[in-house]
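Counting starts at 1 for both ligands and their atoms, following the listed order. As the structure is a prediction and not an experimental result, all values here were calculated from the model.
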Amino acid sequence: MKQRNSQRGAASFLGATPDQVAAEESVIASLLCDNEDLFDVDGLRPGDFYNPQSQLIYAAIAEIIGAGKTADLVTVSHRLKGEVPAAEIARFLDRVPISTNLKAHADIIREGAKRRTLQKQAFSAAQACSQGVDINEIVTLMHNTDDDRTEGHDISMASIATRSMEWLEEMDAADGSPGLPTGFKEYDSVMGGLHPTDFILIAARPSMGKTALLLNMARNLGRRKVPGLIFSMEMSERQLCNRLTSDVGSINSQIFRHGKVPSEAMWQRIHDAASAVAEMPLYIDETPNQSISQIETIAQKYHRRCGIGWIGVDYLQQMKGWNPKEQGDMADITKRLKGLAKRLDIPVIALSQLNRKLEDRTSKVPILSDLRDTGAMEQDADIVLFPYRPAVYSEEAHPNAATLIAAKNRNGPIGKFDLRWDPEYTRFNDA
Ligand SMILES: Nc1ncnc2c1ncn2[C@@H]1O[C@H](COP(=O)(O)OP(=O)(O)OP(=O)(O)O)[C@@H](O)[C@H]1O
């Protein structure tokens, strides 16, 4: 009885079915006979093969062909000397290769690999559930199915170059930039908007207008019907909605603060603006103190369900695990936000406070080194933006003067963009 229970608890992982074994043998036999067939197997990876020897042989064939040489029994045996006996490699040649059906055979191999991966993942998730691991970690584990691999994504340079050209042709035909427009004309023209896969940091001292800047971009994208998701760990969903309404309708935000609407005409304006905001495909998660795992899980869910085209995180210092004494944890957060941008192929915009050491300088204009001591932000960010309003520090400065400083741009120019600040609507405009 005891033994039966322990057997029931043990994992019994899938092996290869006879058709998968046949498919693996067929692909290797075909490749050994005709190297051109490699292009037909469409991004198959060594790890997709079940048989460990097949994995090694396939990897050797792909490497030899990749180096511009011919892969045959002699060259492959030479490369795998000491790992796979030549007689074992020759055994594949006993099969009659059916290269006309190679694509179908590659699909069978890929499907087998996908089943085995999913089974292992489900097993790990079941174990994590019974061990009480954080629920969000488990959901992330379940979602990390390496979609690219399971879809047979070809990562060879030949294929990447083709895709890049197709992308450029598409963009050229669409007569526009691949970036999402922020709505700030000069910024968009120089920086090309917000680029997919970019991790964009908006950093400033408190009350400089970081949230305002993010919401101004959200309003512009919302009007263009680009879905977006904002993690607002400081302000509530109602506060953000009120700010958007104030911005869209040019309504003094103090009305929302005091909860008193001065006239019927103002009610009408508020209703009109609120209706326009309601039609924007924006999603706001106001849960405070979210962990990076929670953010990843929620972002992936909204990306799948609603096709979100950008993400905003307001702000990093409010995230669970953001602790200056734990530089490693902070670096993990920024790395994973960059990873999220890449995986979902959308821009991720994170807001961040700047260190108060800046206040000790004569010039209060932020510089990149103000990001030091804050994990790997400076390194992980593709773009670093500093909104700056001189009136915060000097009574002599014009109250509406503002600059958006692009202090870092991994793939393009940096620059300074003059803006106008309208405080009553918490709105930045083109100057
Ligand atoms: N009705 C208003 N009239 C004048 N100024 C306003 C009004 N509403 C907001 N502000 C100003 O807008 C700024 C707030 O901007 P915002 O919250 O976007 O800044 P932040 O950099 O995100 O701040 P924090 O770091 O504190 O979250 C503050 O300087 C505030 O004084």
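Between the side chains of D188 and T182, a donor-acceptor pair is found at a separation under 3.5 Å. No hydrogens or angles considered: nothing links the side chains of N323 and D329 as a donor-acceptor pair under 3.5 Å. In summary, the side chains of R336 and S293 do present a donor paired with an acceptor at a separation below 3.5 Å, with no hydrogens or angles considered. For the 3.5 Å distance criterion, the side chains of D247 and N216 qualify, holding a donor opposite an acceptor. D285 and Q290 share a donor-acceptor pair across their side chains, judged by distance under 3.5 Å alone.
Using a 4.0 Å cut-off to heavy atoms of R389, the atoms of ligand 1 that qualify are 29 (O). The atoms of ligand 1 that sit less than 4.0 Å from any heavy atom of T426 are 8 (N), 9 (C), 10 (N), 12 (O). Listed by number with element, the atoms of ligand 1 under 4.0 angstrom from any heavy atom of S253 are 1 (N), 2 (C), 7 (C), 8 (N). Near Q254, the atoms of ligand 1 lying under 4.0 angstrom from a non-hydrogen atom of the residue are 1 (N), 2 (C).
For atom 4 (C) of ligand 1, the closest non-hydrogen atom on the protein side is P423 CB, 3.5 Å. Shortest contact from atom 19 (O) of ligand 1 to any protein heavy atom: G209 N, 3.1 Å. For atom 13 (C) of ligand 1, the closest non-hydrogen atom on the protein side is S207 O, 3.7 Å.
Scanning F428, Y315, W421 for the heavy atom closest to atom 11 (C) of ligand 1 points to W421. Counting heavy atoms only, R243 comes closest to atom 14 (C) of ligand 1 of the residues R243, E424, Q239, R427. Nearest residue to atom 27 (O) of ligand 1 from Q353, K210, M208, E234 is E234 (criterion: closest heavy atom).
Here the options are K114, R110, E24, the test is side chain to side chain contact (heavy atoms under 4.5 Å, CB included), and the partner is D48; only R110 passes.
With a heavy-atom cut-off of 4.0 Å, N252 touches ligand 1 through its side chain alone. Residue R257 does not touch ligand 1, judged by heavy-atom distances below 4.0 Å. With a heavy-atom cut-off of 4.0 Å, T211 touches ligand 1 through backbone and side chain alike.
Remark: D380 does not engage K338 in a salt bridge, criterion side-chain N to carboxylate O under 4.0 Å.
Looking at A212 next to ligand 1, an N or O pair under 3.5 Å apart turns up.
Of all heavy-atom pairs between W421 and A212, the closest is CZ3-CB, 3.8 Å.
Within a 4.0 Å radius of atom 6 (C) of ligand 1, the protein has at least one heavy atom.
Ring orientation note: the planes of F184 and F428 are nearly perpendicular, at an angle over 60° on the 30°/60° scale.
A search for side chain to side chain donor-acceptor pair (under 3.5 Å) contacts involving T403 returns nothing, not counting sequence neighbours.
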